[in-house]
Amino acid sequence: MTDYNYSEIEKKWRKKWEEDKVFEAKEQQEGEKYYCLVMLPYPSGDLHMGHVRNYGIGDVFARFHKMKGKNVLHPIGWDAFGLPAENAAIKNKIHPAKWTKQNIVRMREQLKVLGISYDWSREFATCNPEYYRWNQWFFIKMWERGLVFRKRANVNWCPSCNTVLANEQVSNGLCWRCDSRTEHRDLEQWFIKITDYADELLEKHKQLSGWPEQVLSMQKDWIGKSFGAEIEFALTGTGEKLKIFTTRPDTLFGATFVVVAPEHKIIGEIKPRIMNYNEVAEYVAESGRKSNIERASCKEKTGIRLEGVNAINPVNGKEIPIFTADYVLTGYGTGAIMAVPAHDQRDWEFAKKYNIPIVEVIRGNDSCGITQSVDENAYEDEGVLVNSEQFNGIKSIEAFGVISEWIEKQGFGKKTINFKLKDWLISRRRYWGTPIPMVHCKICGTVPVPEKDLPVMLPEDVEFTGEGESPLKSSEAFVNVKCPKCGMDAERETDTMDTFVDSSWYYARYCDARNSNMAFDAVKANYWMPVDQYVGGIEHACMHLIYSRFWHKVMRDLGIVKHDEPFINLLTQGMVTLGGRVMSKSKGNIVSPDEIIGKYGADTARLFVLFASPPQKQLDWSMEGVEGCWRFINRIWRLFDVVHKKSDIPASEKNKNDILKIMHQTIKKVTIDIEKEFQFNTAISSIMEFVNALYAYKYHSNDGGASVEAYKTVVLLMSPFTPHICEEIWEMLGHRGYISTYPWPAFDESMMKQSSIEIPVQINGKLRGKIMISTGTDEDEIKKIIETNEKIAPQLKDKKIEKFIYVKDKIITISVK
RNA sequence: GGGCGGAUGGCGGAACAGGCAGACGCACAGGACUUAAAAUCCUGAGACUCGCAAGAGUCGUGAGGGUUCGAUUCCCUCUCUGCCCACCA
């Protein structure tokens, strides 16, 4: 037999798969549909190990289900818009389109070398007008439905990327991409009203039982639904109303001051009556200069009283001071709170600092039954109302409802629900994105581009300086248009869309990727959708995975998809690290897939990333581990000779049956591990055990083909992991068709039954011996065996047996005295 | 501060509706093959103690308690650690 020439074998089978269109998906095919989706890559330039892992995992699902007889859709494409292309343009004077295209060409080659079972006929890049025109179309549809709006807003601005960032793109006050400190700016921005779907996004978590708990909980946090009340406090003097939001209406009688965010408009409105306005204005300006991170990281809360104006607590008519402080956020609730220092730690600290009275209104006990005082700290738990007039004695948990309703009846407030989720800021002052299809007309206002004029093409004649205004402003031909409504001179919108728009519906486009008349055909989309298995990184838990769930619901409401949720099952794979640290260019610890594939072949590279760690966990790269996988693949290769070698020693019935038994056990284990457990590492180790058993089984001259049958099974079981070599061996075994389309082996429980087994015997909890028994032996029989067992019996001599526990075919436990 | 995970040999990791801890792989050691090495095939191995040896015993899943005939698995307390969210009223 020849040596294992991975390079030739892999090339050969990739070519054949492509020529015979083995993985092209068709709607009319038989079998239940199975849509396997991997998060589409950003064409950054090079494939990295994270990609190999992500796509290797996806390929196991796709190939396994194909062999299981499902009609599989396994597409790939490119998330091709984005900042790096534009940064490259600025830095290297290369057009973003060209840079992106080059990268796609290179990465496509790298990806193809991995032999993933993609349907390449559906490939697309989101930067092509054939794709992004539908972004524009969706945008207009949302505009028509009132889901798109424009407002002046205080936005996150990254001075380094020179662009606006969504809230989700700022982490700890730093830009998600370049880690620069972000600032605040007031700009006219486009938003999508994702908040209209906040409730449903939370509610429909119920349908996502196939998602990791962790992701659901992160999303729940992100959406941040909380119940409370809005209450109006009148101001002294003119009696204006200040609306506050609280989640603790039960503590209303304990409100001893009111705090408004520094950005709150009331400050401007009552300016003439604020006696210390200059100082207040200074505080407001100072807060504005601070980033969110600085505000949040302040150990001690700061604020300033608005002298000369007080608020009136509507329940008791008491006048209480008004402060502005930057621990109150302008973007949440109403941007104003009633402060209850006795029962909120932040308010408590603030009250102590500024010498404001602390009034206890909830009295509760701790776990030891000791009544909690509010002298040392705020008491934030449940209790019974005190100092609350007619509500005294009511449990705080009930008072929430009682007081809310009373407030409503009295007409100075109402129950409300608040979300942390904010509307999605989608405009970017950048070039390399989808142009927002809007025209600003002096007469007609903001007018959408008519559908027939889509796509609004990105202009070519744009300079990339990386500074100042939106790059699209520099193209006169782009900017100057006629108003679609009145025909007069007008200006085009020059902002482009956030690239998360692109990835919010790409999965639906794959269902009908070449359609030039619509985003996709609803019938085709409804055939393939929803995605049966989605695979990607956990870092997308809150951004991409919320946006696309939202987008899908909008598409449903537009009547073009029928399901509520786009992704039924989600697998979030762990990171690939080296020495425990994330592989990155800046740290210089990259292991290139090219290098590994060149040295060992794609099958080895794939096997390693699947074997070294369970898919969800972090995977630490190890060259030695790769060697081990390489050895195992070679071992499978050589097994061909081993099982075909003639031997003079006849196979015994027992040996033969043992091999068949292990074979069926292995099929079962691998099937369950892939299908239900997502544990590819243990699936592979059980195949290794099977292979080891076959090596140990040397008597096969007359075993009726059992060893060859077993070998065939090894290859079938390995084929989702290492498809190239398996196709080659499959051919060597005399098969004509592809192993990739051959039915997955079935297992037979009756073949696994063992006639006799060895079970442990414990005495007083310690292992004292083992006995061979026939399966299904009953307890009386077992006792007899124990009594005569030369090893166990002496240990029981002269002892009183207190308990005799026999778990059938598992264990014997005896407790003695 | 809040939420969710995790902690098992020299290493990656198995085993949990409570039932032989350490599967499989790596690294390591020994043997076979070879002039030799590599490769390959086979064998061994948690730690400690006793024994020339076959073997015997004790301890062992982050720490300490508990439930149980029996706990890596369940409960309580604690330590460390990862990720996510973080002044959300």
Side-chain angles (χ1 to χ4, degrees), chain A residues 3 171-172 212-222 224-226 228 244-248 251 255 259 261 292-293 295-299 301 325-329 331-340 343-347 349-350 380 418-422 538-539 541-542 572 574-575 580 607-608 611-614 616-629 631-632 634-635 638 642 679 681-692 695-696 758-770 801-807 809-816:
Chain A
D3 278 349
S171 111
N172 286 338
E213 196 51 49
Q214 191 194 0
V215 174
L216 293 178
S217 120
M218 281 164 70
Q219 289 204 352
K220 191 176 165 222
D221 250 29
W222 194 267
K225 184 178 186 175
S226 60
I244 63 95
F245 172 71
T246 181
T247 54
R248 294 291 304 272
T251 63
V259 189
N292 286 341
I293 177 83
R295 282 196 188 188
S297 61
C298 254
K299 277 188 205 92
K301 304 193 185 323
D326 61 13
Y327 78 91
V328 171
L329 309 173
Y332 182 75
T334 60
I337 63 158
M338 66 174 199
V340 184
H343 306 291
D344 182 289
Q345 189 58 27
R346 291 159 308 183
D347 297 344
E349 284 163 21
F350 197 83
E380 297 183 329
N418 243 300
F419 292 93
K420 288 186 201 171
L421 184 73
K422 296 188 181 85
I538 186 111
E539 66 274 20
C542 282
T572 48
M575 287 184 306
L607 187 63
F608 174 73
F611 176 64
S613 174
Q616 294 94 335
K617 285 186 71 175
Q618 179 179 310
L619 180 151
D620 203 47
W621 189 264
S622 137
M623 245 19 234
E624 293 79 14
V626 179
E627 281 280 352
C629 290
R631 279 205 286 267
F632 177 58
N634 276 279
R635 207 164 144 83
R638 283 189 303 267
V642 176
Q679 297 235 63
N681 54 333
T682 50
I684 294 164
S685 46
S686 68
I687 302 172
M688 286 173 171
E689 284 177 80
F690 185 27
V691 168
N692 290 347
Y695 266 86
E758 192 184 46
I759 62 167
V761 180
Q762 287 183 344
I763 297 173
N764 286 344
K766 298 213 188 265
L767 182 67
R768 293 298 174 192
K770 294 183 181 183
I801 294 178
E802 294 197 313
K803 266 184 188 167
F804 189 94
I805 297 159
Y806 171 51
V807 183
D809 297 342
K810 273 244 168 93
I811 195 166
I812 299 160
T813 301
I814 307 165
S815 75
V816 297

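Predicted, not measured: the structure shown is a model, and the values here were computed from it. Just so it is clear: chains get the letters A, B, ... in the order the sequence lines come, proteins before strands, and each one is counted from 1.
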Has A:D347 got a side-chain atom pairing as donor or acceptor with A:V340's backbone, closer than 3.5 angstrom? yes
Quote, to the nearest angstrom, the C1' distance that separates B:G82 from B:U34. 50 Å
For nucleotides 66-75 of chain B, print each protein N/O atom paired with a nucleotide N/O atom at under 3.5 Å, atom names and distance only.
from: B:C69; atom 1: OP1; to: A:K803; atom 2: NZ; distance (Å): 2.4

What distance, rounded to whole Å, do you find between the two P atoms, one in B:C69 and one in B:G64? 23 Å
Determine the contact category for A:K770: base if any of its heavy atoms lies under 4.0 Å from a base atom, sugar-phosphate if only primed atoms, P, OP1 or OP2 are that close, otherwise nothing. base
Taking atom C1' in both B:G60 and B:G46, what distance in whole Å separates the two? 8 Å
A:Q618 backbone acceptor or donor facing A:S613 side chain under 3.5 Å: yes
Decide, for B:G9, between syn and anti: a glycosidic angle within 90° of 0 counts as syn, anything else as anti. syn
Scan every strand shown for a Watson-Crick or G-U wobble partner of B:U58, both distances under 3.5 Å, and answer none if you come up empty. B:A47
Can you tell me the base-pairing partner of B:C26? Count Watson-Crick or G-U wobble geometry only, both distances below 3.5 Å, and say none if there is no partner. B:G10
If each of A:I759 and A:C629 is mapped to the nucleotide of RNA chain B with the nearest heavy atom, which maps nearer the 5' terminus, i.e. the 5' end? A:I759
A:R631 CZ to B:G25 C1': how many Å, rounded? 9 Å
Search all heavy atoms of A:V328 against all heavy atoms of A:G335 and return the closest pair with its distance. CG1-O, 3.6 Å
Can you tell me the base-pairing partner of B:U40? Count Watson-Crick or G-U wobble geometry only, both distances below 3.5 Å, and say none if there is no partner. B:A32
With rounding to whole Å, what would you report as the distance between B:G12 and B:C85 at their P atoms? 27 Å
Letter by letter from the 5' end, nucleotides 5-13 of chain B scores (B base, S sugar-phosphate only, - none; protein heavy atoms under 4.0 Å) -------SS
Is any side-chain heavy atom of A:Y332 less than 4.5 Å from a side-chain heavy atom of A:K422? no
Regarding the side chain of A:L329, the nearest nucleotide among B:A89, B:C24, B:A27 is B:A89
Is any side-chain heavy atom of A:R768 less than 4.5 Å from a side-chain heavy atom of A:I814? no
To the nearest angstrom, the CD-C1' distance between A:Q219 and B:C4 comes to 14 Å
Between B:A21 and B:A14, how far is it from one C1' atom to the other, in whole Å? 10 Å
Under 4.0 Å, counting only non-hydrogen atoms across every strand here, what does A:G224 touch: a base, just sugar-phosphate, or nothing? nothing
Do side-chain atoms of A:Q219 reach the backbone of A:A541 as a donor and acceptor pair under 3.5 angstrom? yes
Classify the nucleic acid contact of A:V340 as base, sugar-phosphate or nothing, counting any heavy atom under 4.0 Å across all strands shown. nothing
From CD of A:E539 across to C1' of B:G82 the rounded distance in Å is 15 Å
Side-chain contact, heavy-atom cut-off 4.5 Å: A:I811 with A:Q762? yes
When the C1' atoms of B:C74 and B:U67 are compared, how many Å lie between them, rounded to an integer? 8 Å
Taking for each residue the nucleotide of RNA chain B bearing the nearest heavy atom, is the 5' side occupied by A:I811 or by A:S686? A:I811
Taking OP1 and OP2 of B:A89, is either one under 4.0 Å from a side-chain nitrogen or oxygen of A:Y327? no
Tell me the interatomic distance from A:F632, atom CZ, to B:G25, atom C1', rounded to whole angstroms. 10 Å
Quick one: A:R635 CZ to B:G25 P, roughly how many Å, whole number? 8 Å
Whole-Å P distance, B:G5 and B:U77: 16 Å
Just name whichever nucleotide pairs with B:A86, Watson-Crick or G-U, keeping both distances under 3.5 Å, else none. none
Is A:F611 close to A:T682 at the side-chain level, that is, under 4.5 Å between some pair of heavy atoms? no
Rounded off to whole Å, could you give me the CD-to-P distance for the A:E627 and B:C26 pair? 10 Å
Would you say A:T246 and A:I337 make side-chain contact, with heavy atoms under 4.5 Å? no
Students often get this wrong, so: under 4.0 angstrom with heavy atoms, is A:N692 touching a base, only sugar-phosphate, or nothing? sugar-phosphate
For B:U67, which nucleotide is its Watson-Crick or G-U wobble mate, given both distances must be under 3.5 Å? none
Paired to B:G5 by Watson-Crick or G-U wobble criteria (both distances under 3.5 Å) is B:U81
Taking the C1' atom of each, how far is B:U72 from B:A23, in whole Å? 15 Å
In terms of ring plane angle, is the pair A:F350 and A:Y327 parallel, tilted or perpendicular, where the classes change at 30° and 60°? tilted
Just the rounded figure in Å: distance from P of B:A38 to CG of A:D3. 18 Å
Is any side-chain heavy atom of A:F804 less than 4.5 Å from a side-chain heavy atom of A:T813? no
Smallest heavy-atom separation, A:F608 atom then A:D620 atom, equals CZ-O, 4.1 Å
Please check the phosphate of B:C41 (OP1 and OP2 only) for any side-chain N or O of A:R638 closer than 4.0 Å. yes
Interatomic distance where CG belongs to A:L767 and C1' belongs to B:A56 [whole Å]: 14 Å
Of the nucleotides B:A27, B:A89, B:G19, which has the atom closest to the A:E624 side chain? B:A27
Among the candidates B:C85, B:C83, B:C20, find the nucleotide nearest to the side-chain atoms of A:D221. B:C85
From the candidates B:C41, B:A86, B:C24, the one with an atom nearest any side-chain atom of A:S685 is B:C24
Scanning both residues in full, the closest heavy-atom pair of A:E380 with A:Q345 reads OE2-N, 2.7 Å
